[in-house]
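Take a look at the structure below.
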Amino acid sequence: MNRKGGKRFLISPLLADIPGLVHGFGMKGCGFRDAGGIGGKTGFRPVTLDQVHSDAVIFFARRPKIRKRGDALVTDRLRLLLAVKTADCLPILLADPEGRVAAAVHCGWRGTASRLAEKTVSALQRKYGCRPSSLRAALGPCIGPRCFEVGEDVRRAFRESGLSLRDFAPRRGHPGKSVLDLAGANRRQLIRAGLKKRNIELVSLCTHCRPEFFSYRRDPEAAGRQINFIGFAVR
Ligand SMILES: [Zn+2]
């Protein structure tokens, strides 16, 4: 994962290889203007959702007049910059190099338990004919496996969805509490959905430990949100 010269976002080499694709995982202070000249030469139009920790995947053929609700955005159109906002939750950026299809996904534990990453891959398959084996995914900065303490309710939600509990570990000295590897759980889900391991990249930076990112758990009162964005520019 590279920091793009002086810019306030990180890029994934796996996605940076794809011609015409613009993407990034924003740090504090990154705005849409940093994200590839929004409003400037590239003519990108940012699209966001009212994020509600759901399993709703929303397709965009144009920029909507009213903001929709959901937690995954998908498009096959050029110049739409799909964006999710996070502060500890996991941002996933997906692209199909063959079909010029892009997706941005916001995964907290609820979205993960409701298989949002998997549902996004199925949606790409169904709507645009994408092959999961050719999809590429970058999993951005999120709260890390040592810092994400969760209660029994979260384990139960995973169990009820038939998901593996292998991404939980006991929290020493805190009976009834576990820590969850949020990125690991979503990586597992993407592999299950048919993505190749070599087509998945993890940033593995903990938003809770690293001050360059907003963290809801570190700063519940005043945390902002970082933007994570992806879209295809004009050829
Ligand atoms: Zn941490």
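Any value given below was found using the heavy atoms of this structure, including those in side chains, with hydrogens, waters and symmetry copies removed. In listed order, ligands and their atoms are each counted from 1.
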Please output the side-chain donor-acceptor pairs of residues 105-112 that fall under 3.5 Å, not counting sequence neighbours, one pair per line with the distance.
from, atom 1, to, atom 2, distance (Å)
His106, ND1, Asp71, OD1, 2.7
Thr112, OG1, Gly108, O, 2.6
Thr112, OG1, Asn186, ND2, 3.0

- Glu201 side chain to Ala138 backbone, donor-acceptor under 3.5 Å: no
- Distance below 2.8 Å from the Zn ion (ligand 1): protein N/O/S atoms: Cys147 SG, Cys206 SG, Cys209 SG
- Message: Per the ring-ring contact (aromatic ring centres under 6.0 Å, His included) rule, what does the pair list look like for residues 131-155, sequence neighbours excluded?
- Response: none
- Query: Is the count of non-hydrogen atoms from other residues, nucleotides or ligands lying under 6.0 Å from Tyr128 atom OH greater than 12?
  - Reply: yes
- Message: Among residues at least two apart in sequence or on other chains, which ones pass side chain to side chain donor-acceptor pair (under 3.5 Å) with Thr75?
- Response: none
- Message: Quick check on ring-ring contact (aromatic ring centres under 6.0 Å, His included): which of Phe25, Phe229, Phe213 does Phe9 satisfy it with?
- Response: Phe229
